[in-house]
Trainee: 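If you scroll down you'll find the structure; I have some questions about it.
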Amino acid sequence: MVLAQLGGSISRALQQMSNATIIDEKVLNDCLNEITRALLQADVQFKLVRDMQTNIKKIVNLDDLAAGHNKRKIIQQAIFNELCKILDPGKPSFTPKKGKTSVVMFVGLQGSGKTTTCTKYAYYHQKKGWKPALVCADTFRAGAFDQLKQNATKAKIPFYGSYTESDPVRIAVEGVERFKKENCDLIIVDTSGRHKQEAALFEEMRQVSEATKPDLVIFVMDSSIGQAAFDQAQAFKQSVAVGAVIVTKMDGHAKGGGALSAVAATKSPVIFIGTGEHMDEFEVFDVKPFVSRLLGMGDWSGFMDKIHEVVPMDQQPELLQKLSEGNFTLRIMYEQFQNILKMGPIGQVFSMLPGFSQELMPKGREKESQAKIKRYMTMMDSMTNEELDSTNPKLMNESRIMRIARGCGRPVRDVMEMLEEYKRLAKIWSKMKGLKIPKKGEMSALSRNMNAQHMSKVLPPQMLKQIGGMGGLQNLMKQMGSAKDMMGHDFSGFVLGPTIKASVLVEFCHFLLAVNLLIYPKEDSDLNLGRKWAEKCNFKR
Ligand SMILES: Nc1nc2c(ncn2[C@@H]2O[C@H](COP(=O)(O)OP(=O)(O)OP(=O)(O)O)[C@@H](O)[C@H]2O)c(=O)[nH]1
């Protein structure tokens with residue numbers, strides 16, 4: 001994921017500073033130098049980085065900080081604020097209103113992902129009940145209209161374009177007029193890709209803008225553009241009234257710092273990011289949670305929102321009860337898989353927890369893991385209720401395994417692998433037996449410690465180390481019960497009632513399961529356990 005490396009380097013620098021016994025000028029300088037290096041390596045413009053460093057030094061005057069001040073916190077907050085400042089121009093972009101016609105024009109360099117993003121933007125709004133329409137004013141690239149037509153047809157979005165007309169201004173005006181008459185509330189105009197050396201094409205873009213009078217011009221930028229970003233973005237801003245930025249290809253492995261510089265150049269906010277080629281790989285962008293995650297400080301509110309999205313409230317106490325009894329059935333595993341898939345990209349959810357970074361999700365593992373989960377679920381669909389609800393491995397005899405394999409159309413060895421995985425997870429989850437379920441009122445320190453102890457047994461050792469051992473985990477649990485995060489978000493509402501608090505715990509359990517399954521590879525000893533169990537059941541691979 002773009003910027004994951006940058007995030008990793010910055011959070012390591014902060015961690016190193018936190019490990020120092022005394023924070024003096026040297027420790028602060030070392031930390032800032034480390035962060036500066038990371039930002040420059042990620043292609044953030046030099047001037048931005050230098051300004052940021054100067055500002056932090058101005059804010060954090062160690063001599064002026066009286067004893068008793070939490071210097072670490074003040075430095076962290078200053079870095080957080082400065083990074084937010086780079087990404088936040090301080091004024092929101094124009095926001096179209098549902099039911100009221102708005103024209104939105106997309107501009108950007110060749111191949112930045114405009115056409116794909118136009119459709120994603122239209123589809124995003126269509127799902128929310130809008131009536132969007134697409135106009136293809138890209139007469140430069142052969143095939144652009146076909147691409148838009150194909151995307152629009154797939155998403156059932158009306159479109160307008162021409163194979164013969166070569167004047168983009170004319171097409172844009174005709175398209176906008178037609179869709180205004182059809183009462184579309186979001187008319188999106190796609191334009192040709194161009195770069196700042198192409199004066200004629202820039203003039204043409206200006207004419208399209210003048211003729212269609214867009215309410216908002218969106219600059220689409222590929223996250224891998226690098227140092228050229230600032231100048232290019234500025235050139236677009238000087239020709240048309242760019243009001244917002246969308247950064248694409250954030251799923252790649254580019255450095256991504258150039259994209260941060262583009263915001264500074266256009267003085268416009270990033271409103272969405274593209275995270276893949278598919279229509280729904282598109283996310284709303286919010287500066288503070290993004291920076292907080294980038295710095296490994298998590299995004300509790302985002303995490304809680306996710307929980308509420310995926311785990312039905314009425315199922316939570318029951319699941320927690322089952323886990324505390326140590327009965328981990330295949331059905332529980334199935335239900336947890338469903339929730340994990342609903343949570344979306346796990347690396348992203350992962351970075352919402354303080355102390356974690358997206359860097360921990362190895363390249364390509366995400367999609368591979370999701371495919372694995374889906375495969376396991378298909379196999380479980382061929383099982384009987386008795387099998388799904390049992391914790392007795394003897395039920396799975398050779399003939400049943402062959403039947404399941406036939407039923408789901410997968411080789412026997414795949415079913416064996418899934419059962420071995422189940423066994424491994426059941427072993428991990430048996431350590432949750434006796435988990436204390438929070439009752440009325442605030443989570444007490446005692447139950448927090450009890451739960452932290454249970455959790456620590458379930459966490460893969462590498463991960464426990466990453467969050468600072470048992471102490472780090474206790475802090476994490478404490479944060480669950482406290483009210484505010486780095487961004488000043490108050491999310492105490494999520495943790496006040498006993499049910500909701502239990503839900504946080506349930507989801508944290510889900511999450512740990514996902515982490516065990518997706519991020520940390522199986523160890524041989526675990527697999528041997530599965531094999532031994534398979535041998536006990538009297539069949540061979
Ligand atoms: N991985 C990934 N690929 C993307 C994303 N957005 C766009 N693409 C791909 O980038 C390539 C270029 O996208 P287009 O939408 O054709 O770009 P364009 O800016 O319209 O191109 P021009 O009209 O030539 O300027 C296509 O292969 C897209 O599938 C994204 O967020 N992630």
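All figures in this text were calculated on a predicted structure; none of them were measured in a lab. Here, residue 1 is the first one in the sequence, and each next residue gets the next number. As the structure lists them, so they are numbered: ligands from 1, and atoms in each ligand from 1.
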Trainee: Main chain of Thr153, side chain of Lys156: is a donor-acceptor contact present, judged purely on distance under 3.5 Å?
Mentor: no
Trainee: Which protein heavy atom lies closest to atom 20 (O) of ligand 1, and at what distance to 0.1 Å?
Mentor: Thr115 OG1, 2.7 Å
Trainee: Quick one: which ligand 1 atoms are inside 4.0 Å of a heavy atom on Lys114?
Mentor: 15 (O), 17 (O), 18 (P), 19 (O), 20 (O), 22 (P), 25 (O)
Trainee: By ring-ring contact (aromatic ring centres under 6.0 Å, His included), which residues pair with Phe145, not counting sequence neighbours?
Mentor: Tyr163
Trainee: Judging by distance only, is a nitrogen or oxygen of Lys249 under 3.5 angstrom from one on ligand 1?
Mentor: yes
Trainee: For Ser192, is there any backbone N or O sitting under 3.5 Å from a side-chain donor or acceptor partner on Arg194?
Mentor: yes
Trainee: Could you tell me whether the side chain of Asp222 and the main chain of Ser112 form a donor-acceptor pair under 3.5 Å?
Mentor: no
Trainee: Who are the ring-ring contact (aromatic ring centres under 6.0 Å, His included) partners of Phe106, not counting sequence neighbours?
Mentor: Tyr121
Trainee: Between Lys180 and Ser102 (side chain of the first, backbone of the second, donor and acceptor by atom type, cut-off under 3.5 Å), is there such a pair?
Mentor: no
Trainee: Would you say ligand 1 has an N or O under 3.5 Å from any N or O of Gly276?
Mentor: yes
Trainee: Phe236 vs Phe202 aromatic rings, parallel, tilted or perpendicular, using cut-offs 30° and 60°?
Mentor: tilted
Trainee: For atom 29 (O) of ligand 1, which of the options His278, His195, Glu277 provides the nearest non-hydrogen atom?
Mentor: Glu277
Trainee: Does the ring centre of Phe282 sit less than 6.0 Å away from the ring centre of Phe272?
Mentor: yes
Trainee: Would you confirm whether Thr248, through its side chain, and Gly274, through its main-chain N or O, come within 3.5 Å as a donor-acceptor pair?
Mentor: no
Trainee: Do any nitrogen or oxygen atoms of Thr248 come within less than 3.5 Å of a nitrogen or oxygen of ligand 1?
Mentor: no
Trainee: Kindly identify the option in Gly111, Gly193, Cys118, Ser223 whose heavy atom sits closest to atom 21 (O) of ligand 1.
Mentor: Gly111
Trainee: Between Asp138 and ligand 1, is there a nitrogen or oxygen pair with a distance under 3.5 Å?
Mentor: yes
Trainee: Tell me yes or no: between the side chains of Arg141 and Gln110, is some donor less than 3.5 Å from an acceptor?
Mentor: no
Trainee: Considering both backbone and side-chain atoms of Arg141, is one of its nitrogen or oxygen atoms within less than 3.5 Å of a nitrogen or oxygen in ligand 1?
Mentor: yes
Trainee: Considering Thr116, Leu148, Ile246, Asp190 one by one, which has a heavy atom nearer to atom 28 (C) of ligand 1 than any of the others?
Mentor: Thr116
Trainee: Report, in ascending order of atom number, the atoms of ligand 1 lying under 4.0 Å from any heavy atom of Gln110.
Mentor: 25 (O)
Trainee: Could you establish whether Gln147 and ligand 1 come within less than 4.0 Å of each other, counting only heavy atoms on the residue side?
Mentor: yes
Trainee: Which of the numbered atoms in ligand 1 are below 4.0 angstrom from a heavy atom of Lys120?
Mentor: 30 (C), 31 (O)
Trainee: Report the part of Val220 in contact with ligand 1, treating N, CA, C, O as backbone and CB onward as side chain, heavy atoms under 4.0 Å; options are side chain, backbone, both, neither.
Mentor: neither
Trainee: If you measure from each heavy atom of Leu109 to ligand 1, is any distance below 4.0 Å?
Mentor: yes
